[in-house]
Amino acid sequence: MKVNEYLAKAIKYERGVVFGITGGAIINVFDALHKEGVKLVPMHHEQACAMAADAFARVSGRLGCCVTTSGPGTTNTITGTAGSYYDSIPVLNISGQVASKHLKAKHNKNLRQFGFQETDIKTLFKSITKHSELIDSSFNFREKLRTTISKAKNDRPGPVILDICDDVQRQEIKESKTVNFSPKGVDFNFVDYTKTANLIKNAKRPLVILGHGVRIGKYEKRILEFIEKLKIPVLLTWGALDLLDNDHPLNIRDFGVTSQRIGNFAVQNADLLIVLGSKLDTHELPYHEIYSQIKTIVVDIDANELDKLPDDVIKVNEDIGDFIKYMDFLFGFYKSFKNKYKKWLSNIQKLRVQYPINNKAPNENCVDPYKFIDACSYYANADHIIIPDAGQNLTWSFQGWKIKRGQRLFSAFNHSPMGYALPASIGAYYGSNRPIICIVGDGGLQMNIQELQTIAYNKLPIKIFVLNNNGYGMIKQTQSDWSTLNKNVMCDETSGLTFPNLQKIANAYDIQYKKLKNDYSLSAIKNILNFDGPMIIEVMIQDGDKIEPKLKFGDAFVNQKPYLFQKEIEYINKNIVKGCL
Ligand SMILES: Cc1ncc(C[n+]2csc(CCOP(=O)(O)OP(=O)(O)O)c2C)c(N)n1
Ligand SMILES: [Mg+2]
C-alpha cells in the first residue's frame, strides 16, 4: 500500500472529516482521501482549516484533521495549531513538503531554501505540537502514523504534524520485519491517598474546581456522580463551564479575573480547594499567595503543570478517573458527607443572587451586551453549541451564559486568537450536526471573514451574532483603565481602523441579515434561532460598554471593578461563612 492510501484509510478509520486547502505538494494526499470517500471540506484560509479541525475534535471527541500544502499553506495553520496545543485538543495535521531530493538538508542545511515553497515545518511546529516529524522516506510509515495518532489522542492530548514529501506520498510503504509499536507505557506513582482523603473529610468549607481536563479525559459523567455524592460546591473554569447546567444545585459557576463576584469570595473563604483537571491559569487564580492561605489539592495528568505550582500545594500526578476511583474506595458510600456543606453552599448561592452580573434598566438606544447574552441563552435550546470569539464578546458570553444540560460552550481558551469563532463554528457543525451560535466582535469577524463563503455555500445552520461596538472594545477598556494610556489608539476610526457595512457584506455572501438595535429588540432572537440556515445578526452595542466585574491586576482578589465599599466586602465575607461548621 502507498503512503497516501494508508493515510486516507487511517483517517477514515478515525471517522475524520478533513478541513483543508490543496496545493501542488499535497495533491496526491487529497486524491487518496477523495478515493477513500473521506468527507473533505475545502475552506478559504488554512488558519481557518486548523481552527475548524480543532473545533471538530472538541465537539466530536474524535481526531481533528487538517491537511495543507507545503510552505505558506502549512505556515498559515500556526495560529490554529498553537490553540489546539494549549487547550490539549487532538488534531492530526498533514502537510505536503517538497520532493525529498529538493530538501535543503540533502544539500546544505545552512541554505534558507532549496525547493520552491520549502519551509522547515518540523522545526517550526516543534514548540506547538506534541509531535512534529518530517517524512522523507516511506520506511515504516504505518508505524510512524499509528504512533503519531496515538500521541495526539493519549495521555494529555494535543496536535501533531507529519510533513510528508511529495514523492514519498506516492511511494509503497516499506517496513522493517519487527514493527515496534508500543501503546502507552504505564507509570506507577505513589500518591498518599489516605492523607488526601483525610483532608477532604476534615474540610469545613471545601470547593471542587473543575477544569477542561475533565472533558479531555471523558470523565463528565463520573465527575457528576462524584460531586453529587460529596455535595461540595463546585466552581467551573471557562473550559469546564458547560460541564454542569446552570441550575445544578452545586454549581456556583465561575471565578477569577473576569467572573461573577461571588466566585472569588467563595475561593477566598474556602478552607480546601480540590482542583481536578485545571492548569489554574493566571486568569483564574492570578496571585500565587492564595496557595499558602488555602489548602489546595491539584490532580493533573501532566506533571509539568504541577511543577509550576508552589510547594504548599498537594500535587497528585494522576489521571482524574484513577483519583476518583481511589476516593470512591476510601470514602465507601460517602455517608459521612451527607449534607455536611449545606450551609456553606446555601450561603454562597444566596449571595450570588444578591450580586447578579447585570441589573441595568433596558435601553432604547442600544443593546446591553449582558442582556443580549442573557436573552440568547434563554432562547437557545439544549442542542445548541455556542462559540464566542476573543475580546469583550468572549468575556460577556462566559460571564453571562446560562448553560442548559447538553449545550457546549467553548472558544480557543488559552490562545484566544481573534477570528477563531467563525471557522470553529464550521468545524463544530461537521463534528456534531448541531445548530451553532457564533458570537464574534466586529474586529474578530474580519480575521476570517472569507469563511462566510464556506458557510453560505454549504447552508450551515450557523447564526453569526456580530457584536458591533465600533472597534476593539477589549483594548479600549484596558486603555480606559490605565491613566497612562491614550484612548482608542489602534482601536477604531479615530486612528484609522475601520469596518465595512455588515449588511452589504451579508448581501454579498448571500446570507440573511438582521439587526438588533436595542434591548427591546432582543425577543427577536427566538425566531432568529428557529430560522433554518445561516444568518448574520448585527448587535448594536454602545461604544465603551465594559466587562464588569473585572479584576484589575494588582487589586485584591475579591475587589473587582467597579469597586465595592469596604463595608460591603466585610458583609459578604461575614455572610459567606455564617453558620458553617
Ligand atoms: C489574532 C489576534 N490579534 C490580536 C489580538 C489582541 N486582541 C484581543 S481582543 C482584541 C480586540 C477585539 O475586538 P473585537 O473582535 O471587535 O471584540 P470586542 O472586544 O470589541 O468584543 C484584540 C486586538 C488577539 N487576541 N488575536
Ligand atoms: Mg468590537
Side-chain angles (χ1 to χ4, degrees), residues 45-51 54 75-87 128 238 257-258 281-283 358 366-373 376 386-401 411-425 437-452 464-482 485-502 505 515-516 536-548 550 553:
H45 193 303
E46 289 86 353
Q47 169 180 224
C49 301
M51 292 169 173
D54 169 287
T75 55
N76 267 350
T77 65
I78 286 177
T79 303
T81 303
S84 304
Y85 187 58
Y86 304 135
D87 286 359
I128 51 163
W238 279 9
V257 175
T258 48
D281 187 73
T282 49
H283 199 89
N358 171 42
C366 55
V367 176
D368 177 274
Y370 289 105
K371 287 204 188 329
F372 161 69
I373 296 296
C376 206
I386 305 99
I387 311 179
D389 197 64
Q392 286 184 316
N393 59 83
L394 171 83
T395 307
W396 288 325
S397 303
F398 275 88
Q399 278 180 321
W401 195 273
S411 187
F413 296 111
N414 291 298
H415 200 41
S416 208
M418 290 163 73
Y420 174 78
L422 197 68
S425 298
I437 293 175
C438 169
I439 300 173
V440 59
D442 43 357
L445 177 72
Q446 292 294 322
M447 293 237 176
N448 269 315
I449 197 163
Q450 73 287 342
E451 300 311 328
L452 287 176
I464 307 154
F465 291 93
V466 184
L467 272 50
N468 181 350
N469 57 355
N470 188 33
Y472 293 170
M474 185 76 229
I475 312 297
K476 288 186 189 186
Q477 180 165 350
T478 307
Q479 285 165 333
S480 75
D481 263 358
W482 298 90
L485 292 172
N486 287 304
K487 306 283 171 277
N488 304 344
V489 178
M490 295 294 287
C491 287
D492 64 20
E493 202 172 350
T494 55
S495 57
L497 181 77
T498 61
F499 302 90
N501 178 307
L502 202 53
I505 294 283
K515 191 185 243 179
L516 297 177
I536 292 175
I537 308 98
E538 186 168 16
V539 187
M540 304 311 290
I541 307 281
Q542 173 94 50
D543 184 350
D545 261 7
K546 292 191 169 169
I547 296 165
E548 287 178 338
K550 180 172 188 279
F553 191 75

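FYI, the numbering just counts along the sequence from 1. The figures here come from the full heavy-atom set of this structure, side chains too, leaving out hydrogens, waters and symmetry mates. Quick caveat, the model's predicted, so the values are computed rather than measured. We count ligands from 1, going down the list as the structure has it; atoms in each ligand are counted the same way.
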Q: Can you spot which of Phe398, Trp396, Trp238 makes a side-chain contact (heavy atoms from CB on, under 4.5 Å) with Thr258?
A: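 In the set Phe398, Trp396, Trp238, the residue that makes a side-chain contact (heavy atoms from CB on, under 4.5 Å) with Thr258 is Trp238.
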Q: Within the supplied structure, the quantity of interest is the number of heavy atoms (other residues, nucleotides, ligands) at a distance under 6.0 Å from Asn486 CG; does it exceed 12?
A: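 Counting neighbours around CG of Asn486, 12 or fewer heavy atoms of other residues, nucleotides or ligands fall under 6.0 Å, so no.
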Q: Could you tell me whether the side chains of Asp481 and Gln479 share a donor-acceptor contact shorter than 3.5 Å?
A: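 No, no side-chain donor-acceptor pair sits under 3.5 Å.
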Q: I'd like to know if the side chain of Ser495 and the backbone of Val489 have a donor-acceptor N/O pair within less than 3.5 Å.
A: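 Checked: no pair found.
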Q: Any N/O/S atom, side chain or main chain, of Gly443 closer to the Mg ion (ligand 2) than 2.8 Å?
A: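 Here the distance criterion (N, O or S atom, under 2.8 Å) is not met by Gly443, so no.
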Q: What's the separation between atom CG in Asn448 and atom CD in Gln47, rounded to the nearest 0.5 Å?
A: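 It is 4.5 Å, given to the nearest 0.5 Å.
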Q: Taking all non-hydrogen atoms of both residues into account, name the closest pair between Val257 and Thr282 and its distance.
A: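 That would be CG2-O, 3.9 Å.
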Q: Can you tell me if an N/O/S atom from Asn469 lies under 2.8 Å from the Mg ion (ligand 2)?
A: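 A backbone or side-chain N, O or S atom of Asn469 is under 2.8 Å from the Mg ion (ligand 2).
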Q: Of all heavy-atom pairs between Gly443 and Met418, which one has the smallest distance, and what is that distance?
A: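 Closest approach of Gly443 to Met418, heavy atoms only: C-CE, 3.7 Å.
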Q: Rounded to 10°, how many degrees is the angle O/Gly471-the Mg ion (ligand 2)-OD1/Asp442?
A: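 The two atoms form an angle at the metal of about 100°.
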Q: For ligand 1, what is the set of protein residues having any non-hydrogen atom at a distance below 4.0 Å?
A: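 Within 4.0 Å of ligand 1, protein side: Ala390, Gly391, Gln392, Asn393, Ser416, Pro417, Met418, Gly441, Asp442, Gly443, Gly444, Met447, Asn469, Gly471, Tyr472, Gly473, Met474, Ile475.
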